[in-house]
Novice: 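Just dropping this structure here.
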Amino acid sequence: MRLEQMLFGVKFENPVLLAAGTCGFGEELREVLNLRALGGIVTKSVTLEPRIGNAAPRVVEAGDAMLNSIGLANPGLERVREEKLPWINEHLSDIQVFVSIAGQSPDEFWRIIEGLEDEEGFLGYELNLSCPNDKGHGGLPFALDSEALREVVAGSRQLTRRPLLVKLAPNVPDIGPVAAVAEDAGADGVTLLNTMPGLIIDFETRRAALGAGSGGLSGPALRAVGVHAVHRARECTIVPLVGVGGITCANDALQYLLAGASLVQIGTATFADPRAAERVVDGISSYGERMGVEAVEELIGAYPTPGSPIGAPSGSR
Ligand code: RRO
């Protein structure tokens, strides 16, 4: 099966990327997996100034999920430009790299884009409008307020011709119209979803398990939520979708593709098995061979929407 696709005007060798926050800036994982075997990576979210992050513990396991409150720890715009992007440019030029960016105001997003725009080594941006651990916009992530979302995306669109992905949050009543706002404001693609706000209380100490209190829940427990979000976004938008949440193996990734995602991202699974994403690539390929699928595009959106003719794609791209 052919795994490559043309998206955003460039070639992705396969549909599997590493999610923001799970691979640093690539360099951190270079010893443990072959990044060149992947379709691409999304960097840790970059902020204007360096951030040291939240108090420990920042990550706890929670059954079929993981709760984190990293608190946007990152080296900041200046060091990303001086140190991280040159490394990416030298070592990852044959895969696609999105730089995730995060700001506490629309203006911060725009200043980061202006600061990175002339640099080499990356394809586009993933606007992180949905971090549950950074209450940027009046205490709420931008993705929970459609007008704020529109403002950040539309302003960013004015500043760059590079592909813009917009990463949304799970905790909205209906993700479809939110994805449509992102598309209408100029997004080239929508990433679904960020982590879900959560809290774990240690009943012995009566304190939160995380140093910061609440955090963002990720992992297999979130997978059905993510697959549903992709399906719903597919019904409301035509831009490529990127599915993320709870993918541990090829079968999980296939659900996202069938629901309508053109690309998937592996996040939490990388912590348990740094080579999970490579396994997912191989497994998608094996499934294609077994099912007689010639190209991965045939799978995208092939889940038959209830009420539609069996096998008809649930949306157009
Ligand atoms: O750094 C974090 O605490 C974090 C971010 Br920026 C995000 O987007 N999602 C998340 O679960 N944690």
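Atoms within a ligand are numbered from 1 in the order they appear, just like the ligands themselves.
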Novice: Below 4.0 angstrom, N of the basic side chain to O of the carboxylate: do D252 and R223 qualify?
Specialist: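 Salt bridge between D252 and R223, a charged N being under 4.0 Å from a carboxylate O: yes.
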Novice: Which heavy atom of I284 sits nearest a heavy atom of A253, and at what distance?
Specialist: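 Closest approach of I284 to A253, heavy atoms only: CD1-CB, 4.0 Å.
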Novice: Quick one: closest heavy-atom pair of I175 and L192, and the distance?
Specialist: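 Closest pair (atom of I175, atom of L192, distance): CG1-CD2, 3.6 Å.
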Novice: With a 4.0 Å cut-off, would you call D107 and R111 a salt bridge?
Specialist: yes
Novice: Tell me which protein heavy atom sits closest to atom 12 (N) of ligand 1, plus the residue, atom name and distance to 0.1 Å.
Specialist: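 Looking only at protein heavy atoms, the one closest to atom 12 (N) of ligand 1 is N68 OD1, 2.9 Å.
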Novice: Relative to the heavy atoms of G71, which atoms of ligand 1 are at a distance of less than 4.0 Å?
Specialist: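 So the atoms of ligand 1 that pass are 1 (O), 2 (C), 3 (O).
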Novice: Give the contacting part of N128 toward ligand 1: side chain, backbone, both or neither, where contact means a heavy-atom distance below 4.0 Å.
Specialist: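 Near ligand 1, N128 shows its side chain, while the N, CA, C and O stay back.
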Novice: So which protein heavy atom does atom 11 (O) of ligand 1 come closest to, and at what separation?
Specialist: T195 OG1, 2.6 Å
Novice: Between R81 and E78, is there a salt bridge with N-O shorter than 4.0 Å?
Specialist: yes
Novice: Side chain, backbone, both or neither: which part of N133 comes within less than 4.0 Å of ligand 1 when only heavy atoms are counted?
Specialist: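 For N133, the contact with ligand 1 is made by the side chain alone.
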Novice: What are the two closest non-hydrogen atoms of P141 and C131, and how far apart are they?
Specialist: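 Nearest pair, atom of P141 first, then C131: CG-O, 3.6 Å.
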Novice: If you measure from each non-hydrogen atom of N54 to ligand 1, which part falls under 4.0 Å: side chain, backbone, both or neither?
Specialist: neither
Novice: Below 4.0 angstrom from a heavy atom of K44, which ligand 1 atoms are there? Numbered from 1 as shown, please.
Specialist: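 Close to K44: 1 (O), 2 (C), 6 (Br).
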Novice: Answer yes or no: is there an ion pair linking R157 with D188, defined by an N-O contact shorter than 4.0 Å?
Specialist: yes
Novice: Of all the heavy atoms in K167, does at least one lie under 4.0 Å from an atom in ligand 1?
Specialist: no
Novice: For ligand 1, note which part of P132 has a heavy atom under 4.0 Å away: side chain, backbone, both or neither.
Specialist: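 Answer for P132: side chain.
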Novice: Heavy-atom contact under 4.0 Å between G21 and ligand 1?
Specialist: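 G21: no contact with ligand 1 (<4.0 Å).
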Novice: Just to be sure I'm reading this right: ignoring hydrogens, which of C131, S100, S218, P141 gets closest to atom 5 (C) of ligand 1? Compare them by their nearest heavy atoms.
Specialist: C131
Novice: Could you walk me through whether F109 and Y125 pass the ring-ring contact (aromatic ring centres under 6.0 Å, His included) test, one step at a time?
Specialist: CA-CA 10 Å; F109 280 89; Y125 303 97; over 10 Å; no
Novice: Of the side chain and backbone of I70, name the one, both, or neither that has a heavy atom under 4.0 Å from an atom of ligand 1.
Specialist: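 Both of them.
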Novice: Can you sort out which atoms of ligand 1 are near L72, meaning under 4.0 Å from one of its heavy atoms?
Specialist: 1 (O), 2 (C), 3 (O), 6 (Br)
Novice: For the CD atom on E289, are there more than 12 heavy atoms of other groups (residues, nucleotides or ligands in this structure) within a distance under 6.0 Å?
Specialist: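 Yes, enclosed.
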Novice: Flag N194 as yes when one of its N or O atoms lies below 3.5 Å from any N or O atom of ligand 1, and as no otherwise.
Specialist: yes
